[in-house]
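Nothing here was measured: the structure is a model prediction, and the numbers come from that model. Every chain is numbered from 1 and lettered A, B, ... according to where its sequence line falls, protein lines coming before strand lines.
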Amino acid sequence: MTDRYNPHAIEPKWRERWEESRIYAAPDDDPRPKWYALTMFPYPSGDLHTGHWYAMAPSDVAARYRRMLGYNVMFPMGFDSFGLPAENAAIKRNIDPKEWTYHNIDRMRGQLKLMGASFDWDREVITSDPEFYKWTQWWFLQFYKRGLAYEAESLANWCPGCQTVLANEQVIDGRCERSDDLVERKMMRQWFFKITAYADELLRYDNIDWPERIKTMQRNWIGRSEGAQLKFAVDVPAVSEPLTVFTTRPDTVFGATFMVIAPEHSLVDRITTVEQRGEIDAYVVATGRTTEIDRLSTEREKTGAFTGAYAINPFSGERIPIWIADYVLVTYGTGAIMAVPAHDQRDFAFAKKYGLKIVPTYDHPDVDTTKPLEAPYAHGGRMINSGPFDGTPEADAAAKVVAQAESQGIGEGAVTYRLRDWSVSRQRFWGAPLPFIHCPTHGTVPVPDSDLPVILPENVEFKPTGQSPLQLTEEWVNVPCPVCGEPAKRETDTLDTFMCSSWYQMRYADPHNPERPFSKAAAEQWFPVDQYTGGAEHAVMHLLYTRFFWKAARDMGLVEGDEPMKRLVNQGVILGPDGNRMSKSRGNVVAPDDQVDKWGADAFRCQLMFVGPWDQGGPYNPTGMSGIVRWLNRVWTLVVEPVRLTDSAPPEETKALRRTTHKTIASVTEEIANFRFNTMISRLMEHSTAMQKARDAGPVDREAWEEAVRTALLLTAPLAPHITEELWERIGQPYSIHLASWPTADPAFAHDDEVELVVQINGKVRDHVTLPAEASEADARAAVMALPRVAELVGDSVPKKVIYVPGRLVNIVF
RNA sequence: GCCGAAGUGGCGGAAUGGCAGACGCGCUACGUUCAGGGCGUAGUGUCCGUACGGGCGUGUGAGUUCAAAUCUCACCUUCGGCACCA
């Protein structure tokens with residue numbers, strides 16, 4: 001029996017050995033510099049899928065690379081195990097969500113281990129464990145005590161049939177997925193975190209290395225706008241307080257010819273006249289069935305309804321009508337706008353439709369402002385129709401108007417954000433209970449720290465309506481008030497699972513601490529995360545929440561530094577072989593366990609990284625797997641099969657082999673450090689081919705060959721940990737290759753003696769010329785001009801110019 | 001709709017201002033005591049040409065540049081996110 005590469009024979013063996021010898025455990029006390037490598041933890045949906053491998057295997061490669069560079073690497077893994085699917089399973093199959101979740105975790109942990117990743121399982125964190133969510137609740141109370149948590153009304157999807165709040169994904173075409181009832185948007189009491197208090201700081205990314213696209217998306221999500229808040233008196237006897245609007249264009253206030261307030265605005269009810277009541281009520285109901293995405297569409301026709309009430313423009317003194325319209329959102333600014341149809345597209349469309357007045361407030365070279373406007377224009381020259389401000393240039397206008405508003409107490413400069421405060425309460429069962437008790441005498445009382453965690457009840461009954469069983473579990477709900485001991489009731493809302501994932505990375509540093517979320521020493525040892533990896537789909541929400549959480553924790557004195565994750569790399573989405581998202585209904589799912597059975601974990605890891613650039617994702621191509629398998633076989637053969645070695649090989653050949661080896665070290669190091677795994681593998685394949693050629697050409701220099709073999713294994717070790725470990729042992733190296741040092745390229749060996757220049761004439765490639773590497777510009781020009789082909793094409797004409805790019809090309813231009 | 005990306009051979013992709021198609025799959029031919037989805041060598045964008053060579057070619061249209069897949073503008077298509085999926 002020949003000694004063939006058989007992944008199934010070697011992979012389980014080495015995984016066992018790694019686990020026994022605990023080479024991936026990250027000691028808290030270790031003289032090496034620390035490196036905290038973190039990849040987003042999975043939701044235990046039941047089955048590990050290729051997307052998990054796609055996210056985690058390359059993250060493991062990066063972690064292994066850091067370990068070989070000499071870092072004390074912590075690379076933990078856990079489960080984000082609270083959430084909706086467990087409840088759906090509970091309702092559908094009558095299983096306890098806890099049982100379902102922990103069964104899935106056990107299964108997925110086993111599947112994860114097949115990957116051969118260097119996870120430190122001693123640090124595993126499971127967010128639905130009371131020992132974890134005790135601290136999620138504790139964090140909530142810290143935010144509450146610091147004034148960062150508050151209660152307010154906000155819109156929620158409400159199913160009137162189920163009498164329950166629905167997640168967006170439970171709403172299908174405006175209907176409840178379970179009962180098919182029409183879903184309403186209803187204002188409900190919710191708990192919020194004041195993330196907007198940190199908005200300005202969240203816009204800064206000092207000293208962190210995050211992708212530009214993620215920073216841009218976050219900046220746009222936060223959406224900082226500068227402008228002013230202006231107060232408009234409401235001409236309704238029963239309403240004494242003014243209607244406050246936010247505007248980015250206070251300079252156009254004289255053109256504010258009507259007001260629009262959100263249909264959910266608290267004033268709507270009080271200002272609507274008897275005659276308009278019917279129309280307004282109908283419009284409010286219709287808006288409740290419209291999604292926010294539709295409401296914000298710039299294409300959709302504007303609709304609205306007149307309240308019958310009027311406001312007074314504080315600058316022009318004009319009495320202007322108040323409308324409601326769904327393009328104004330209660331969640332943005334003050335939920336009310338002054339409409340300036342002359343200078344805003346949406347207001348213009350609205351005014352046209354409902355025949356409202358349009359007053360331009362700027363002159364403009366292309367617009368005749370004495371005639372009815374055909375289109376709005378955002379900017380102009382000098383103010384007109386603006387009383388005392390007429391003639392003011394636009395550049396000074398906003399400041400002047402705001403100054404006057406401030407001096408008269410009718411407004412002030414203001415900043416607003418598109419970002420809304422983070423709603424953290426959920427009307428669900430499978431989450432960490434909000435630690436409050438409602439007492440008839442003392443109101444909302446926080447659960448004392450000593451009584452944490454508030455543990456979810458077990459063996460509860462799920463009704464098919466989707467209502468949280470917490471409300472129905474009497475013995476859990478009815479408790480004495482912590483202040484007076486009189487009968488009181490527990491809060492039945494639970495915390496958003498984003499809250500768990502906002503601080504899980506902190507817990508990994510000290511996962512079993514019963515006294516606090518983590519010790520000071522653990523924080524000092526491990527924070528912040530050096531390298532965070534995960535899906536780009538988390539660009540805004542999770543990645544903003546966790547930054548906010550960290551900053552709040554910093555201000556509580558619990559962590560140091562301004563950012564939780566120094567460097568971020570986001571992978572793209574791995575698709576099925578047909579280029580579509582993998583789904584059971586499409587039948588294009590590639591199950592990782594099957595791939596491991598077929599090809600081995602090393603080959604599957606490599607193929608996932610070889611199919612394309614990691615940050616872009618793309619189709620997984622199982623037919624291409626044979627290329628990776630062939631390559632791994634070639635590596636195996638190169639190491640295992642006998643090679644004719646000598647101490648007297650031709651020096652040029654030895655030099656060439658060493659050059660290839662050292663060039664490969666340089667390029668592979670560059671690629672792996674920048675998460676370019678596809679090209680990293682290409683470089684390694686080229687190296688294998690070069691080794692094969694050297695071997696087949698005749699006896700090879702012993703030292704150069706052995707260097708090539710060791711280098712190939714070391715550079716491949718992060719990608720394919722099993723086969724390289726096996727071969728490392730076979731060449732007599734000490735256990736383990738994963739604790740060995742990453743090789744360094746010696747420029748003296750990598751250096752090229754010659755360079756090839758491209759010769760272009762008028763930008764078209766016409767020839768090539770090989771020169772000594774140290775040739776000067778003059779040498780290069782002379783060599784090019786001396787080429788027969790150049791002489792032939794140039795003839796007697798005199799070039800207009802000749803462009804020389806060192807090491808690359810000479811372009812002769814006529 | 002809004003925000004962010006991406007579009008290159010038969011396929012996955014490489015090249016981030018300087019030789020388009022690295023590396024790999026597939027295909028073709030040849031070799032191999034190779035009975036199979038093994039291994040090796042060569043070829044493989046397209047059109048003209050026996051060949052040397054040349055024309056065209058990176059979603060579409062314009063532009064900047066000695067030089068554009070790469071930069072700029074407009075458009076088309078696909079993907080990720082849009083606040084209770086995680």
Can you classify the ring geometry of A:W422 versus A:F548 as parallel (below 30°), tilted (30 to 60°) or perpendicular (above 60°)? perpendicular

For A:V330, give me all partners under side-chain contact (heavy atoms from CB on, under 4.5 Å), at least two apart in sequence or on another chain. A:L155, A:A262, A:E264

Could you pull out the protein-nucleic contacts involving nucleotides 20-24 of chain B (nitrogen or oxygen on both sides, under 3.5 Å)?
unit_1, atom_1, unit_2, atom_2, d
B:A22, O2', A:E686, OE2, 3.0

Is A:R4 close enough to B:C39 that one of its side-chain N or O atoms is under 4.0 Å from OP1 or OP2 there? no

side-chain contact (heavy atoms from CB on, under 4.5 Å) involving A:V590 - partner list, sequence neighbours excluded: A:T50, A:P577, A:M582, A:Q595, A:Y620

With 3.5 Å as the limit, what N/O pairs link the protein to nucleotides 84-86 of chain B?
unit_1, atom_1, unit_2, atom_2, d
B:C84, OP2, A:R426, NH2, 2.8
B:C84, O4', A:R426, NE, 3.1
B:C84, O3', A:N168, N, 3.2
B:C84, O2', A:L166, O, 3.3
B:C84, O2', A:N168, N, 2.7
B:C84, O2, A:R428, NE, 3.3
B:C84, O2, A:R428, NH2, 2.5
B:C84, N4, A:Q190, NE2, 2.9
B:C84, N4, A:Q427, OE1, 2.4
B:C85, OP2, A:N168, N, 3.1
B:C85, OP2, A:E169, N, 2.9
B:C85, O4', A:E169, OE1, 3.1
B:A86, OP1, A:L84, N, 3.0
B:A86, O3', A:D80, OD2, 2.5

Please identify each residue that fulfils salt bridge (charged side-chain N to carboxylate O under 4.0 Å, His left out) with A:D344, with sequence neighbours left out. A:R346

Qualifying residues under ring pair (Phe, Tyr, Trp, His ring centres under 6.0 Å), relative to A:F79, sequence neighbours excluded: none

Dump the pairs, protein N or O against N or O of nucleotides 4-10 of chain B, anything under 3.5 Å, distances to one decimal.
unit_1, atom_1, unit_2, atom_2, d
B:G4, OP1, A:N220, ND2, 3.4

Sorted by chain and residue number, the side-chain contact (heavy atoms from CB on, under 4.5 Å) partners of A:A720 (sequence neighbours excluded) come out as A:D602, A:C606, A:L632, A:T716, A:I723

Dot-bracket for RNA chain B, 5' to 3', counting Watson-Crick or G-U wobble pairs under 3.5 Å, with [ ] for crossing pairs and | for inter-strand pairs? (((((((..(((.....[....)))(((((((.....)))))))((((....))))..(((((..]....))))))))))))....

Is the distance from the ring center of A:W191 to that of A:F140 below 6.0 Å? yes

Taken in chain and number order and not counting sequence neighbours, the residues that satisfy side-chain contact (heavy atoms from CB on, under 4.5 Å) with A:T39 are A:M56, A:S59, A:F75, A:M77, A:F119, A:T533

Tell me every residue that passes salt bridge (charged side-chain N to carboxylate O under 4.0 Å, His left out) with A:E686, counting only those two or more places apart in sequence or in another chain. A:R683

Nearest-Å distance for atom pair CG/C1', residues A:L329 and B:G1: 13 Å

Set of ring pair (Phe, Tyr, Trp, His ring centres under 6.0 Å) partners for A:F675, sequence neighbours left out: A:W614, A:F677

Between CD of A:Q218 and C1' of B:C82 the distance, given in whole Å, is 14 Å

Interatomic distance where CD1 belongs to A:I222 and C1' belongs to B:A83 [whole Å]: 13 Å

Can you label the angle between the A:W430 ring and the A:F82 ring as parallel, tilted or perpendicular, going by 30° and 60°? perpendicular

Okay, side chain of A:N674, backbone of A:R676: is any donor-acceptor separation there less than 3.5 Å? no

